[in-house]
Number of protein chains: 2
Amino acid sequence: MVQPVADGIQTKRTTIYDLAALAGTSASAVSAVLNGNWKKRRISEKLAERIRRIADEQGYAVNMQASALRRERSRIVGMIVPMYDNRYFGSIVEKFEQMARDRGLFPIITCTQRDPDLEVQAARAMLSYQVEFIVATGATDPDHISDICRAAGIRSFNLDLPGTKAPSVLSDNFGGARTLTRQVLQRNRDRFARNEPLVFVGGRAVDNTAERIRGFRAAHADMEIAVREDCIIACGYAAQKAEQALTHLYQTVPDHPHGMFVNSTISLEGVLRWIKKEQPDLLQTAAIGCFDFDPLVDLLSENILMVKQDVPTMLDALWRIIAENNTTHEVVEIPPVAAVS
Amino acid sequence: MVQPVADGIQTKRTTIYDLAALAGTSASAVSAVLNGNWKKRRISEKLAERIRRIADEQGYAVNMQASALRRERSRIVGMIVPMYDNRYFGSIVEKFEQMARDRGLFPIITCTQRDPDLEVQAARAMLSYQVEFIVATGATDPDHISDICRAAGIRSFNLDLPGTKAPSVLSDNFGGARTLTRQVLQRNRDRFARNEPLVFVGGRAVDNTAERIRGFRAAHADMEIAVREDCIIACGYAAQKAEQALTHLYQTVPDHPHGMFVNSTISLEGVLRWIKKEQPDLLQTAAIGCFDFDPLVDLLSENILMVKQDVPTMLDALWRIIAENNTTHEVVEIPPVAAVS
DNA sequence: TCGGCTTGTGCCATCGATTGTGCATTGATG
DNA sequence: CATCAATGCACAATCGATGGCACAAGCCGA
């Protein structure tokens, strides 16, 4: 079983059979010792120790493919994420990975560029690798992913954007948007003597944006300011879309307001590009709100208020639901941490 | 073989044996048809079509665990990344995933928090899942990862930070730092009438930071400005470290310069926090350079110049080396795109 | 009509790890 | 000394997909 060695590189990996031969015992003993249930199999401490030593010397690592096949349990868990272009998804991924590892699971994460086809393709690939469940984060079509998972008999969960066919954990978009909008309106009134509504930019009308717009409206009502219906622009998240939308707005709606509610940091990028090009002093004459947090923005600008979604609490809730294992499709809403700046 | 169904969820996945039974044929025919080499096995178009239809109806997905075990080829490729707290690593991961998928490979990526132990643990886990190679990006100890991979007989590659035991692709840190430093020195001279050296903040002396410091020195020499050796502070990348370092510098070195070379966007975060707290008008009286690019910073500040590392070209080079399959441990240096702002 | 060739399929061993089962020892007890 | 339980371990089947090989059926020319 021991293989030829070329240039210090083994052409073949060490298996439990190799270790068994080296230790003068059987593969089943090796397996039992190395995966920890050797006491159940009444293997002597002496043999266990010898096997462990030899495994160590050989730098043995289980073949998880074989293990998973036999156990019918892969210990792999999957997460689908839209993009890595912002701190929000970045921190979700970092935390998810860590929490998976803490539970002895192996996380595989893939970003799908907000592309529904890629999402489906990624989910199918994960199923082929026998993931134990899939978390669809900010998916464009969460229910489709749930359907695919259900057909394969594995669970799925939604994060950041809700679906109707799996449990969902998301921010309190209504509350967060309401608070943020109120703070921006207030600052425009106090600091810039602007008693006008805000422009709403970014996001897709079909997803959490609807709830945020509801919060946006509620805040205007709270402050007794009339919402400008023609200035609510759910143009998608991409920076360029936001930039174009504002260019268009300023060309076609002469009496538009100046403050803004921007629906993500990536949309904010487009907004800032537009500001730099077309309204370079806007940030000195009006406040902007951004639903999502970026520390660099926070440190560089006085007049951009942000809400920070509470990633740790969201992921705690997610893993609690994963552990619970019941079949209700509950929706858990987590309040954002706070609006800052 | 067909399993009981509960609540619309199959408790057991469909296998090629199930499909074979449904199609009235053998598992080997199903396998051959579904993985595309049915022509070699002279399976009739008619049977192939029937099998494909049934597989489709059943929503069949191969068990990659079984397939990989048998083929002795997982089609999984691994990448290790420090953190997701900046756009640079984010774009590396996005691009790597896409390029892996384009090649029919399944990427698994894990972030290791700049923790050497986690890096090793992650590499071992990937090896257990039989990855075909590992790319260590910005690793704190690339050679250790190379050693582990070599012991398992699989290839490894270094990205962003070089190692001596595997091919490496990285930015031209010397050239990039030299250009950036020169531009910042120039701007300090032109715009702020400061003819003084820069403070260097962030990074670890053992890694690419050394080359950047070399470029930093060269630029000072180019401009005939003496480097302040007591103001070169490779305090690590973490934001807090940079913040503390500057606090300490301003307390203990009274005649320090004011412009800065900051070694990453995450260090910049600490620098900006410190500026906001302790020197709120610094950005109006001195220019800062940052080795790494963040579009939001670019749009919000006039006086922060940045270099953008050329991720697409770096990854093209990486995959070229991966495809080449030769054993030299070459180091490829890619010039950054440009300094902007 | 018979051997030889092509075509189309099925059988079975195999990948490496896991686990139910069974079989020797050993020591204790009557 | 016989009996029995406890102890320590090995054997072999199994997970699902793959691919070498054998084999049957059909066809052709001699």
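Order of the sequence lines sets the chain letters (A, B, ...), proteins ahead of strands, with each chain counted from 1. For the numbers below, each heavy atom of this structure counts, side chains included, while hydrogens, waters and symmetry mates do not. Remember, it's a predicted structure, so these values are computed and weren't measured experimentally.
Between the side chain of B/D115 and the backbone N or O of B/L118 there is at least one donor-acceptor pair closer than 3.5 Å.
With hydrogens and angles left out, the side chain of A/R41 and the base of C/dG20 share a donor-acceptor pair within 3.5 Å. Between the side chain of A/S28 and the base of D/dC11, a donor-acceptor pair under 3.5 Å is found.
Atom-to-atom, CG of B/N63 to C1' of D/dT14 comes out at 14 Å; the value is rounded to the nearest Å. The CH2-P distance, from B/W38 to D/dG19, rounds to 16 Å in whole Å. If you measure from atom OH of A/Y17 to atom P of D/dA12, you get 12 Å, rounded to the nearest angstrom. Rounded to an integer number of Å, the gap from CG of A/L47 to P of D/dT7 is 17 Å. The distance between atom CZ of B/R71 and atom P of C/dT14, rounded to the nearest whole Å, is 19 Å. For the pair A/R70 CZ and C/dT14 P, the computed distance is 18 Å after rounding to whole Å. Atoms NZ (A/K40) and P (D/dC9) sit 17 Å apart, rounded to a whole Å. Regarding B/K39, its NZ atom lies at a distance of 15 Å from the C1' atom of C/dT7, rounded to whole Å.
Closest to the side chain of A/E72, from the set C/dA17, D/dC9, D/dC15, is D/dC15. Listed nucleotides D/dA17, D/dA10, C/dT18 differ in distance to A/N35; the shortest reach to its side chain belongs to C/dT18.
Heavy atoms of A/S44 sit under 4.0 angstrom from primed sugar atoms or phosphate atoms, though from no base atom. At a threshold of 4.0 angstrom between heavy atoms, the contacts of A/R42 include nucleobase atoms, whether or not backbone atoms are also involved. Base contact: A/I16 has a heavy atom under 4.0 Å from a base atom.
Between the side chains of A/Q309 and A/S171, a donor-acceptor pair is found at a separation under 3.5 Å. Side-chain contact annotation: A/Q65 with B/S74, donor-acceptor N/O pair under 3.5 Å absent.
Here the shortest heavy-atom pairing between A/Y84 and B/G90 reads CB-CA, 3.7 Å.
Under 4.0 angstrom from either OP1 or OP2 of C/dG16 there lies no side-chain N or O belonging to A/T15. Checking the phosphate oxygens (OP1, OP2) of D/dA17, no side-chain nitrogen or oxygen of B/S67 falls inside 4.0 Å. Remark: A/T25 is not in phosphate contact with D/dC9, judged by side-chain N or O atoms under 4.0 Å from OP1 or OP2.
Residues A/N35 and A/R71 have side chains in contact (heavy-atom distance under 4.5 Å, counting atoms from C-beta outward).
Positionally, the nearest nucleotide of DNA chain C for B/S26 lies more toward the 5' end than for the other of B/L69 and B/S26.
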